[in-house]
Amino acid sequence: MAIKGQITSYDVVENIIDFSDILNDKKMPSTPLLNKIGILNEPVYSTTYQWYDEAFPILNTELAEAHTAITSGKTTILKVNSAVGILQYSILRVKNTLYRVDSISVDSISGNTLNVTLLSSADESHVANEVVTIVSNSALEGADYVDGHYNPLIERENYTQIFKDYVKITGTQDAVRRKVRGAILAQEIDNKMKRLRVMLERAAWLGIRSKPNVNDAPRLMGGIDWFITNNSTGIIATSDLSVTTPPPNFEADFKAFLGQIYDVRGSVNEAWMNPVTMEHFLKLGEDALIIDQYSEQAGRNVKMYVSQYGETALNMSPDIPPNVIYVVDTSNIKIRPLVNRQFQFE
């Protein structure tokens, strides 16, 4: 018995062509982030991808209440907001005064009490919320292990998102193959891949992470903005970056922002922003910037911002909203495909 039916070309497995390498090599001015980080050939094996990040090291806490300077003796107490990261014999600094921790008492009612020995020549009075810096952790020779400064790993997850676009060809399978390999369709494929790359770049910055419980809506991957604003370990600073009125304290506020990141040992090597926001840097003095002197374009081509925290590369992306600056370490950002679901042409 003969069976008649219709088969479409994408039902034939042999027709599938992997375009991942071409998409990755298609560097475009409108996709600067993807140009820098690329698309890894290492796939993930689940629509939910999980990994672990290290928390910022705990180097400071604050006084929970005011401290009155002692006038005699060498021992006193300090009340702190958190004792995490502080061990017996830790050395602490509050303003200009050094203390050694003799013992730690953690109580849900009375709070975190540190019995300390004054190491400086004289004690000082301190106000509540004064910063307490952990200068170092020390121990007696042969002392037992104490798990007091371990930074727990932070579990993260993101979801895979399907990006689709179409170029339609009709005809027999042989005719379609000839058209795919010829110049007739090359331009259309090129245009679609450019669009896919632009949409992927935009999702990498601004994607809102979402995974519906049922298959009635698409999965969405979270972008850089989502992870910064939805994780407590991110550092967020707010300031007036209005483009209509130049912010009077722009440089001071930006330096303070870099200082917050620097103090917890974060990376301040890269800043990303909209070209509109870049205008604020163009107005700064020559001593704050490293300028590309060999650029053929008119005006100043600013590459780096220089501060006491080091050199910060200034990068632009059209997908970042105006008046927002992201300071991120792009070596920690990865784009990975779902296994067997790389960018393909069917």
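Here the structure is a predicted model, which is why all the values come from computation and not from measurement.
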Donor-acceptor side-chain pairing of [X] and [Y] below 3.5 angstrom:
X	Y	result
Thr133	Asn60	yes
Tyr262	Gln308	no
Glu157	Thr48	no
Thr113	Lys79	yes
Thr160	Arg219	yes
Asp123	Tyr99	yes

Can any side-chain N or O of [X] pair as donor or acceptor with the backbone N or O of [Y] at less than 3.5 Å?
X	Y	answer
Gln88	Asp102	yes
Glu124	Asn96	yes
Arg336	Pro43	yes
Thr312	Val268	yes

Is [Y] close to [X] at the side-chain level, that is, under 4.5 Å between some pair of heavy atoms?
X	Y	result
Met316	Asn274	no
Glu311	Asn269	no
Lys95	Glu130	yes
Ile325	Thr277	yes
Thr330	Leu33	yes
Asn332	Ser267	no
Glu65	His67	no
Val116	Arg100	no

**Prompt:** Thinking salt bridges, do Arg197 and Glu201 make one under a 4.0 Å N-O criterion?
**Reply:**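 The answer is no: the pair does not qualify as a salt bridge.
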**Asked** Applying the 4.5 Å side-chain criterion to the ILVMFWY set and letting contacts propagate, would Ile335 and Leu220 be lumped into a single cluster?
**Response**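 Different hydrophobic clusters.
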**Distance (rounded to the nearest 0.5 Å) between Ser90 OG and Ile134 CD1** =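 Ser90 OG to Ile134 CD1: 6.5 Å, rounded to 0.5 Å.
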**Item:** Spacing of CZ belonging to Arg195 relative to CE belonging to Met28, to within rounding of 0.5 Å
**Value:** 11.5 Å
Atom of [X], atom of [Y] and distance for their closest heavy-atom approach:
X	Y	value
Glu42	Pro337	O-CD, 3.8 Å
Val328	Ile224	CG1-CG2, 4.0 Å
Ser307	Leu258	OG-CD1, 3.9 Å
Ser30	Val198	OG-CG2, 3.7 Å
Ser317	Pro275	O-CD, 4.0 Å

**Prompt:** Is the ring centre of Tyr159 less than 6.0 Å from the ring centre of Tyr49?
**Reply:** no
**Request:** Identify the residue among Trp226, Phe227, Tyr326 that makes a ring pair (Phe, Tyr, Trp, His ring centres under 6.0 Å) with Trp205.
**Result:** Tyr326
**Request:** Test Asp253 against Lys255 for salt bridge (Lys or Arg N to Asp or Glu O under 4.0 Å), laying out the working first.
**Result:** CA-CA 5 Å; Asp253 290 342; Lys255 278 185 180 181; over 6 Å; no
**Request:** Tell me, yes or no, whether the heavy-atom count around Asn213 atom CG, taken from other residues, nucleotides or ligands under 6.0 Å, exceeds 12.
**Result:**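 No - once you tally the heavy atoms of other residues, nucleotides and ligands closer than 6.0 Å, there are 12 at most.
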**Request:** Could you go through the side chain to side chain donor-acceptor pair (under 3.5 Å) check for Ser103 and Asn115 one step at a time?
**Result:** CA-CA 5 Å; Ser103 63; Asn115 294 293; 2.8 Å; yes
